> 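This structure is in structure tokens; I'll ask about it shortly.
Each chain gets a letter, A, B and so on, in the order its sequence line appears, and its residues count up from 1. From a predicted model like this one, the values you see are computed outputs, not experimental measurements.
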There are 2 protein chains.
Amino acid sequence: MSSVNTDGGSRGSGRIPLNAATAVDKACPHNVNISCASCRLNELCLPIALSKAEIHQLDEIVQRNRPYKKGDHLYRQSDEFKSVYAVRSGSFKSYVLGTSGQSRVTGFFLPGEIMGMDGIASKDYANSTVALEHASICEIPFFQLEKLSHQLPNLQHHFFAIMGNEIAKDQQIHTLLSSYTAEERTASFLLGLSSRSSRVSLSPTRFLLPMTRSDIGEYLGLTVETVSRIFTALQRKGLIKVRNREVDLLEIDTLRAIVTTN
Amino acid sequence: MSSVNTDGGSRGSGRIPLNAATAVDKACPHNVNISCASCRLNELCLPIALSKAEIHQLDEIVQRNRPYKKGDHLYRQSDEFKSVYAVRSGSFKSYVLGTSGQSRVTGFFLPGEIMGMDGIASKDYANSTVALEHASICEIPFFQLEKLSHQLPNLQHHFFAIMGNEIAKDQQIHTLLSSYTAEERTASFLLGLSSRSSRVSLSPTRFLLPMTRSDIGEYLGLTVETVSRIFTALQRKGLIKVRNREVDLLEIDTLRAIVTTN
DNA sequence: TTTGGAGCTTAATCTGGATCAACAATCAAT
DNA sequence: ATTGATTGTTGATCCAGATTAAGCTCCAAA
């Protein structure tokens with residue numbers, strides 16, 4: 001069905017089709033020969049609010065590596081912090097391992113979003129981050145980003161904003177986890193994916209879940225079984241349609257009402 | 001018992017005794033005639049890692065306002081974002097209001113800690129922030145902090161670190177709320193206060209809770225009753241001693257074990 | 001010094017979501 | 001096509017923590 005190549009691990013080959021068949025692939029080709037200036041995500045990624053000349057300077061420090069296969073790690077918990085990463089295509093999850101080996105998902109990352117900011121303070125990454133599907137990234141070595149931010153006030157300002165946004169978002173999740181029911185959490189999660197989907201010019205009502213039910217549960221503080229049951233319940237109420245990883249938000253306003261009325 | 005003045009609201013008077021009687025007051029006088037250079041918190045607040053000359057420049061933009069009384073708001077949810085604030089003495093909580101008026105606590109702030117970073121991205125504060133006791137702050141107008149950061153690479157670097165630290169901390173809370181039991185959450189909370197207490201050169205095993213049981217519950221996603229019960233249970237096990245707002249951590253390693261073994 | 005209200009504790013009961021268990025669907029690898 | 005592993009669903013039971021209810025402690029204000 002998809003024309004994504006399956007050459008089984010030759011990550012460095014670069015022979016990735018420019019126009020794969022799925023919506024996600026079309027939106028975000030895994031092409032490595034791209035610049036921030038020409039990247040279709042530049043309006044929502046780091047280059048936002050930078051001038052042409054500034055984007056060119058940013059381009060100089062951005063490294064566009066080989067793509068990642070599903071299950072490949074970008075970095076692991078307590079690796080030395082070196083870079084932040086922007087998702088160019090595909091998706092990632094970050095997670096930590098508990099003492100008895102259980103994983104807890106701390107975030108999901110879609111195209112245009114920045115990963116690795118949890119390492120800035122401690123000089124070690126606090127999470128592991130792994131590709132949920134075939135994916136590609138832009139690596140931005142942090143000490144170079146700092147140096148450049150010092151030359152470009154716009155970039156400094158924007159990176160403060162990106163971090164501030166992450167802080168605000170994390171605090172919303174704090175509220176979600178401390179006081180929402182399973183149904184409210186799940187509805188909120190779907191609505192979040194919806195708006196992130198439309199951010200990258202895809203449908204806000206119909207998208208693919210790149211993560212498993214178990215990932216969702218670990219992220220929302222619920223068990224797989226509960227996530228599954230809530231999906232079924234929301235479907236029975238006619239608010240969504242789920243078929244495997246494919247989700248349709250049929251009654252987006254009712255979903256919003258579930259979240260708001262808590 | 002305390003010599004804190006009770007002149008009933010003349011917040012602008014500035015006639016605050018230099019050495020109040022409580023431990024907290026001794027540690028953090030509400031004195032407004034102070035500079036970053038002479039502040040006893042400068043090793044853990046914004047000036048960290050700055051040179052004498054740089055601290056002097058920072059001093060120029062820091063505003064040391066009148067002290068706050070218990071219940072006074074620093075800013076409210078959706079006020080226009082203008083400044084970040086460092087706690088000089090006392091303590092604060094941040095919270096958001098749900099649609100039906102219930103409050104949810106999103107954070108507590110002790111001396112040397114920075115408040116208001118949730119507003120950086122959106123230009124509006126996402127939380128309300130209120131004094132839990134008589135307290136004083138340093139206000140740092142954000143656009144001036146940005147301008148100065150642009151001149152002082154050390155300050156830029158350090159502020160990135162402060163924000164990165166906030167992000168890492170918020171993600172720990174995500175994990176806490178999504179997978180810890182009531183006892184684990186409470187133990188973790190007490191240990192957190194313990195290390196923050198020792199950060200400001202107070203005892204790591206004996207301190208006063210500036211917040212109510214209800215605040216703790218709203219922060220940890222538990223009810224007041226549960227918090228109260230857990231305190232009692234930990235006390236019966238001989239791990240802590242609680243008497244009103246006063247806490248003694250008697251078996252700090254066992255508390256750590258409770259948190260780790262989850 | 002009384003009084004009222006906020007804050008805290010304890011006990012009895014209830015319930016949302018976890019746990020346990022079984023099975024179905026999907027997919028990758030032969 | 002067959003196999004095994006991973007992922008997802010559904011049902012039955014259980015329990016941690018919520019809810020409800022009552023009384024207690026503390027302290028500020030009259």
> Can you measure B:L209 atom CG to C:dG7 atom P for me and round it to whole angstrom units?
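So the two atoms are 14 Å apart, to the nearest Å.
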
> For B:L220 and D:dA16, what is the distance between atoms CG and P respectively, to the nearest whole Å?
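From B:L220 CG to D:dA16 P: 19 Å.
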
> Answer yes or no: side-chain N or O of A:R213 and base N or O of D:dT10 forming a donor-acceptor pair under 3.5 Å.
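No.
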
> Could you list the protein-to-nucleotides 22-30 of chain C atom pairs, N/O on both sides, closer than 3.5 Å?
unit_1, atom_1, unit_2, atom_2, d
C:dT26, OP1, A:R243, NH1, 3.2

> Does some side-chain heavy atom of A:L209 sit less than 4.5 Å from a side-chain heavy atom of A:I216?
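A side-chain contact under 4.5 Å exists here.
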
> Check whether the ring centres of A:Y219 and B:H174 lie less than 6.0 Å apart, and answer yes or no.
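Ring centroids of A:Y219 and B:H174 are less than 6.0 Å from each other.
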
> So B:S100 and B:Q102, side chain to side chain donor-acceptor pair (under 3.5 Å) or not? Walk me through it.
CA-CA 6 Å; B:S100 29; B:Q102 350 77 308; 3.2 Å; yes

> Which nucleotide wins on minimum distance to the side chain of B:T226, given the candidates C:dT19, D:dT19, D:dG17?
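Of the options given, the side chain of B:T226 lies nearest D:dG17.
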
> With a non-hydrogen cut-off below 4.0 angstrom, is A:T212 in contact with a base, only sugar-phosphate, or nothing?
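Counting heavy atoms under 4.0 Å across all strands, the contact made by A:T212 is with sugar-phosphate only.
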
> Specify whether A:Y125 and A:Y75 have parallel, tilted or perpendicular ring planes, treating 30° as the upper limit for parallel and 60° as the lower limit for perpendicular.
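The arrangement is parallel - the two ring planes meet at less than 30°.
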
> How many whole angstroms separate atom CD of B:E225 from atom P of D:dA16?
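Rounded to the whole Å, the gap is 18 Å.
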
> Hey, does the side chain of A:T232 come within less than 4.0 Å of D:dT10's phosphate (OP1/OP2), counting only N and O?
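Answer is yes, contact under 4.0 Å.
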
> Between D:dG8 atom C1' and A:Q235 atom CD, what is the distance in whole Å?
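Result: 13 Å.
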
> Let me know the distance between CD of B:E183 and P of D:dC15, rounded to the nearest Å.
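Taking atom P of D:dC15 as the reference, CD of B:E183 is at 17 Å.
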
> How many Å lie between CD1 on B:I230 and P on D:dA16, as a whole number?
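That distance rounds to 11 Å.
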
> How far apart are the closest heavy atoms of A:V259 and A:S188, and which atoms are they?
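Taking A:V259 first and A:S188 second, the nearest heavy atoms are CG2-N, 3.5 Å.
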
> Can you tell which of D:dA18, C:dG17, C:dA21 lies closest to the side chain of B:R229?
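Nucleotide nearest to B:R229's side chain: D:dA18.
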
> Going through the checks in order, is the salt bridge (Lys or Arg N to Asp or Glu O under 4.0 Å) test met by A:R76 and A:D79?
CA-CA 5 Å; A:R76 283 169 196 277; A:D79 279 357; 5.9 Å; no

> Do B:R245 and C:dG7 share a donor-acceptor pair, side chain to base, under 3.5 Å?
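Looking at the base of C:dG7, it does not pair with any donor or acceptor on the side chain of B:R245 (distance under 3.5 Å).
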
> Applying a 4.0 Å non-hydrogen cut-off, can you work out what B:G221 is touching in the nucleic acid: base, sugar-phosphate, or nothing?
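Result for B:G221 = sugar-phosphate.
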
> Here's a test for you: under side chain to side chain contact (heavy atoms under 4.5 Å, CB included), which of A:L177, A:I173, A:L190 qualifies with A:R185?
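Going through A:L177, A:I173, A:L190 one by one, the side chain to side chain contact (heavy atoms under 4.5 Å, CB included) with A:R185 is satisfied by A:L177 alone.
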
> Go through C:dT9, D:dA18, D:dT20 for me and flag the one nearest to the B:V224 side chain.
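Within the option list, the nearest is C:dT9.
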
> Which part of the nucleic acid does A:T223 contact within heavy-atom distance under 4.0 Å: base, sugar-phosphate only, or nothing?
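Base, at least one base heavy atom under 4.0 Å.
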
> When you match B:K70 and B:R236 each to their closest nucleotide on DNA chain C, which lands nearer the 5' end?
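By nearest-heavy-atom nucleotide position, the 5'-most residue is B:K70.
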
> What is the distance from CZ of A:F231 to P of D:dT7, rounded to the nearest Å?
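One finds 15 Å between P of D:dT7 and CZ of A:F231, rounded.
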
> Check this for me, if you would: do A:E251 and A:K237 make a salt bridge, where the nitrogen-to-carboxylate-oxygen distance has to be below 4.0 angstrom?
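Judged by the 4.0 Å cut-off on N to carboxylate O distance, A:E251 and A:K237 do not form a salt bridge.
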
> Rounded to the nearest Å, what distance is computed from the CD1 atom of residue A:I216 to the P atom of nucleotide D:dG8?
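Atom-to-atom, A:I216 to D:dG8, this comes out as 8 Å.
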
